[in-house]
Protein chains: 2
Amino acid sequence: MALAGHACTRESAVATRIDISPCNACPVRSMSVCSALEADELKRLADILVSVKVDAGHTLFAEGDGADTLFNVTAGTMKLYKLLPDGRRQITGFLLPGDFLGLSINDTYAYSAESVTPASLCRFPRRRLEGLLEDYPKMQRRLFAMASSELAAAQDQMLLLGRKNAKERIASFLLMLSERARRRGYAENPVHVPMSRSDIADYLGLTTETVSRTFTQLKTSRAISLLEGGKVRLNDMEILQELAEGV
Amino acid sequence: MALAGHACTRESAVATRIDISPCNACPVRSMSVCSALEADELKRLADILVSVKVDAGHTLFAEGDGADTLFNVTAGTMKLYKLLPDGRRQITGFLLPGDFLGLSINDTYAYSAESVTPASLCRFPRRRLEGLLEDYPKMQRRLFAMASSELAAAQDQMLLLGRKNAKERIASFLLMLSERARRRGYAENPVHVPMSRSDIADYLGLTTETVSRTFTQLKTSRAISLLEGGKVRLNDMEILQELAEGV
DNA sequence: GTCGCGCTTTGATCTGGATCAAGGCGCGAT
DNA sequence: ATCGCGCCTTGATCCAGATCAAAGCGCGAC
């Protein structure tokens, strides 16, 4: 299952070795794995990393692939997902610049990773990164902290998937995107929503039709405005917040 | 919200300071945070830990409480859950001996923790544990590994909550319990299912009625047998596995 | 330009699981 | 023994969201 039909565009990725300067210039260093490092440590990190650029819709790796690489998103949006044999899909997360992906318990990836928009990533060979982690406990702690906050997000998502209705899910989703944009210093309103209705549906456990109808409902009730270019203006944060919290 | 009506039985917990010998005798040491430690390191750990015993239905802490403690389950079953203001509940996990709880990103717990059965736990003051983690990177790595595998489990659960139907959820749940029992060296068939229908429902995003009906269906189709004492015999692993994987 | 294709929206209908309702059953308290 | 209370099961009905169907509407290829 895991490999079938997914690796098709893998080779199209542009991969170039880079020196330390891009690391220093990296716009997301402060929110990445490397945020914990000093200049000399950064140099050693730059030694092992490779920068990767991918088009929209590129499969970076598939569930079941050998997990020999860890990535850090530096630009664009990625999605992680799991599939059932009959094609049902659950997107387990959207990744923005600063987020990492590629952790695994055994030595295969537990999910597939695909770009939503054109994206750039830093690519760390797992082996060599592990050596680095041994030497730089700060970085180890940083990675641990990032995993912990992912775990907290996963628990929020379980609450959403298990107990919230469609309107509450959409409201939660929009507020989550807005909050994440804010914390990265991007425009938080209108929110940039680069993913398709179908991706949103598979993230929220709904169908595209229900996502579309719910957006329309929220628009009709003036809580949001749908702008062109995949932007959504949040007009009434209070109402959205109440919806999201399920009051 | 977070504190209301939850702390009622907190003080009934029996808490006694113990020396290192219980640590050496600890039946779950090999699968706990402390599995990475040598004898002398273990001694220092024993110095800061406190053993806690609780009755069934005891609230260990509530969402929003100050997160100054980390726990390791040594006996019994715990549940973690999140609530919506109107009372809807999502159980985000059941913990068995060896599992830990109490991680937090900011300094408050992101979920409530309650015992399902009478339970015992090791209690680590966060501050002092952090010091230990600095000195023993092995333990840090161990904790990281445990968090990673929790993250993987959370992603499986998102797939379940977002995309599986009732029968598939119940089958997945039973197999998960069986597998976890196996990995701990307990009886894996029949499986011990100590939690109520209502707990199962809130874990699987269903209602008690649907859980009950689905158990009955599986029983009628001979895939399982419901035994007394909260035991379930898995008669046809093949069918259950196919159901769980959504073939 | 305009053709074609994929994405989105909207409408009509269906259905799995929720909700509402009523016993049954086990067990601890009296 | 039996009362009462919390589960659990089963039945009847309902409904939010899925499914089926059919237009719009960009937008890139030619």
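By convention in this document, chain letters (A, B, ...) are assigned in the order of the sequence lines, proteins followed by strands, and residues within each chain are numbered from 1.
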Practice prompt. Calculate the interatomic distance between B/Glu168 atom CD and C/dG16 atom P; express it in whole Å.
Written response: 12 Å

Discussion item. Ring-plane angle category for A/Tyr109 and A/Phe61, please: parallel below 30°, perpendicular beyond 60°, tilted otherwise.
Written reply: parallel

Fill in: Toward the 5' end of DNA chain D, by each residue's nearest nucleotide, B/Met195 or A/Arg169
B/Met195

Item to complete: Just call it for B/Gly205: base, sugar-phosphate, or nothing, with non-hydrogen atoms closer than 4.0 Å on any strand.
Response: sugar-phosphate

Item to complete: Look at the side chain of B/Arg197 and decide which nucleotide, out of D/dT9, C/dA18, C/dT8, has an atom nearest to it.
Response: D/dT9

Worksheet item: A/Ser112 side chain to A/Glu63 main-chain N or O, any donor-acceptor pair under 3.5 Å?
Response: yes

Worksheet entry | A/Thr117 (side chain) donor-acceptor with A/Thr77 (main chain) under 3.5 angstrom | yes

Practice prompt. Would you indicate, yes or no, if C/dT9 has its OP1 or OP2 atom less than 4.0 angstrom from a side-chain nitrogen or oxygen of A/Thr216?
Written response: no

Discussion item. Please report the distance, rounded to the nearest Å, between CG in B/Leu218 and P in D/dT9.
Written reply: 12 Å

Worksheet item: Nearest-Å distance, CZ (A/Arg163) to P (C/dG17)?
Response: 13 Å

Worksheet entry | Euclidean distance, atom CG of residue A/Leu227 to atom P of C/dT8 [Å, nearest integer] | 16 Å

Worksheet item: Mapping B/Val211 and A/Phe215 to their closest nucleotides on DNA chain C, which lands nearer the 5' end?
Response: A/Phe215

Worksheet item: What is the distance from CG of A/Leu206 to C1' of D/dT19, rounded to the nearest Å?
Response: 14 Å

Item to complete: Quick one: label B/Ser196 by what it contacts on the DNA or RNA (base, sugar-phosphate, nothing), any heavy atom closer than 4.0 Å.
Response: sugar-phosphate

Practice prompt. Round to the nearest Å and state the distance from A/Asn165 atom CG to C/dG16 atom P.
Written response: 21 Å

Worksheet item: Which nucleotide, C/dC20, D/dT19, C/dG17, lies nearest any side-chain atom of B/Glu209?
Response: C/dC20

Worksheet item: Under 4.0 Å: is that the gap between some side-chain N or O of A/Thr207 and OP1 or OP2 of D/dA18?
Response: yes

Worksheet item: Atom NZ of A/Lys164 and atom P of C/dA18: how far apart are they, to the nearest Å?
Response: 18 Å

Worksheet item: Please give, in whole Å, the distance from D/dC7 P to B/Leu226 CG?
Response: 18 Å

Worksheet item: Any cation-pi pair here, B/Arg180 with B/Phe94, using under 6.0 Å and within 45°?
Response: no

Discussion item. Could you go through B/Lys164 and B/Asp156, starting from their C-alpha distance and side-chain angles, then the distance that decides it, and tell me whether this counts as salt bridge (Lys or Arg N to Asp or Glu O under 4.0 Å)?
Written reply: CA-CA 11 Å; B/Lys164 290 186 184 176; B/Asp156 285 340; over 6 Å; no

Practice prompt. Using a cut-off of strictly less than 4.0 Å, decide whether A/Ser212 has a side-chain nitrogen or oxygen near OP1 or OP2 of C/dT8.
Written response: no

Worksheet item: Per the atom types in the model, does the base of C/dG11 pair as donor or acceptor with the side chain of A/Arg213 at under 3.5 Å?
Response: yes

